[in-house]
Number of protein chains: 2
Amino acid sequence: MIKTGLFENIAEVSEEARNAFIGYLEEIDAEKGYKMEKAGEVSNYLFYIAQGSARSFYIRDNRDITVSFSLEGEFVTAMHSFITRSPSYETIETLEKSLLYRISYENLQRCFQEFQDLERVYRIILEKYYIALEEQMIFSKFKSAKERYLELMEKKPKIIQRASVGHIASFLDMTIETLSRVRSKI
Amino acid sequence: MIKTGLFENIAEVSEEARNAFIGYLEEIDAEKGYKMEKAGEVSNYLFYIAQGSARSFYIRDNRDITVSFSLEGEFVTAMHSFITRSPSYETIETLEKSLLYRISYENLQRCFQEFQDLERVYRIILEKYYIALEEQMIFSKFKSAKERYLELMEKKPKIIQRASVGHIASFLDMTIETLSRVRSKI
DNA sequence: CTGATATTTTGACTTTTGTCAAGGTAGGGT
DNA sequence: ACCCTACCTTGACAAAAGTCAAAATATCAG
């Protein structure tokens, strides 16, 4: 089990809490296209991507729209469903062969009840995710298709290497054709 | 002091924690245009809007861009700055005469150290804010100016009543002119 | 290696939104 | 009431991005 990095950069966690949390983790060796969460079902797990990458998407008007990409070292789940315990509108799938760890909703709550420092870690992760999302929103406002693409290249170049044109285009809120033209003129 | 509603809908908080938190609150009777947080300064307070409304914005290319609106019953701060303790890029101001309560960063941390249930409340608030932000992003993808406006009307009609055309337009990522035309054709 | 299939690029054209400029309207202060 | 200043609306035109269709390229199973 390679769990290095899971607690990196995060506030001090007691040995005890750490072991309890790790004890609940389930390892998954996922092939490309493995569905971590499915639209229509309640999201039951918080995932940690040890190796690989994933994308979250939903379908609207027969269109596959990418919501987010997650790379190794990141946590991911269908947050809305995970928090509200209602069916997810998004599906999350691996973009390549990946090594995942997951903890169930119930066990995560159990950890919070037992160990205050874990709740704090989770809170700090949430904060980071919140400001990342906020930045993403803010900095794409009033930017052209080209500017949005250049920004992605600068901030998350790995995504461009791993995802298809279609996935990147919908993530950047433009059509495949527009993205193709943008790329050809760089 | 009217603090009703502050803990509404939020998990059980002990009488003790509640009192500690309330003890730290500072009441502010703010006029319209009161600057709750200023761009360039580190955000030092978490605000609760008891009455009134606020908007968060930043300036780019000489353009005033609205990031979010907050209504009574909501918490607000320049999250990025508040969390990272670095200067804020956004300014938050009241849209009308408002009754605010605020707690400083230091005192909030103090509360967390002392009362686990407050940390949990904060975590739950964060979760709600996260999914609200996510929804906002997700559902505006591949929507026309008109659709974005209609959605705002449906989901947060109060904003349309209280904010100016300029504020609403930049929030919806369109020009004032486009918004004006959209509104004239409903 | 080859053919079948999916993905990406390119071209022609349309629609949407933005820009600039000119009027119009509403509200505050004197 | 009147001016002054915001703010909002409208029109003409320009730019950006979308749509549809076809061609080019890449991927993969056999």
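Please read these numbers as outputs of a predicted model, since none were measured by experiment. Convention: sequence-line order gives letters A, B, ...; per-chain numbering from 1.
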- Note on the structure: Of the listed C:dT10, D:dG11, C:dT17, the closest approach to the A:Ser180 side chain comes from C:dT10
- Mind checking B:Arg181 for me? I need base, sugar-phosphate or nothing, with any heavy atom below 4.0 Å counting as a touch. base
- Task: Please tell me which of the listed nucleotides, C:dG18, D:dT19, D:dA17, lies nearest to the side chain of A:Thr175?
- Result: D:dT19
- Query: Just to confirm, is there a sub-4.0 Å distance from OP1 or OP2 of C:dG18 to any side-chain nitrogen or oxygen of B:Thr178?
  - Reply: yes
- Message: Classify the ring geometry of B:Tyr58 against B:Tyr89: parallel below 30°, tilted from 30° to 60°, perpendicular beyond 60°.
- Response: perpendicular
- Is the shortest side-chain N/O distance from A:Ser184 to OP1 or OP2 of C:dT9 below 4.0 Å? no
- Message: Angle between ring planes, A:Tyr130 versus B:Tyr130, binned at 30° and 60°: parallel, tilted or perpendicular?
- Response: tilted
- Message: Could you tell me the Watson-Crick or G-U partner of C:dT14, where both distances fall under 3.5 Å? Say none if there is no partner.
- Response: D:dA17
- Query: If only side-chain N and O atoms of B:Arg63 are considered, is one of them under 4.0 Å from the OP1 or OP2 phosphate oxygen of C:dT19?
  - Reply: yes
- Query: Of B:Ser144 and A:Val165, whose nearest nucleotide on DNA chain C comes first from the 5' end?
  - Reply: A:Val165
- Task: Could you check which of C:dT19, D:dA17, C:dT17 has an atom nearest any side-chain atom of B:Glu177?
- Result: C:dT19
- Note on the structure: Here the gap from B:Glu37 atom CD to B:Thr77 atom OG1, rounded to the nearest 0.5 Å, amounts to 4.5 Å
- Determine whether the side chains of A:Thr66 and A:Arg55 contain a donor N or O and an acceptor N or O closer than 3.5 Å. yes
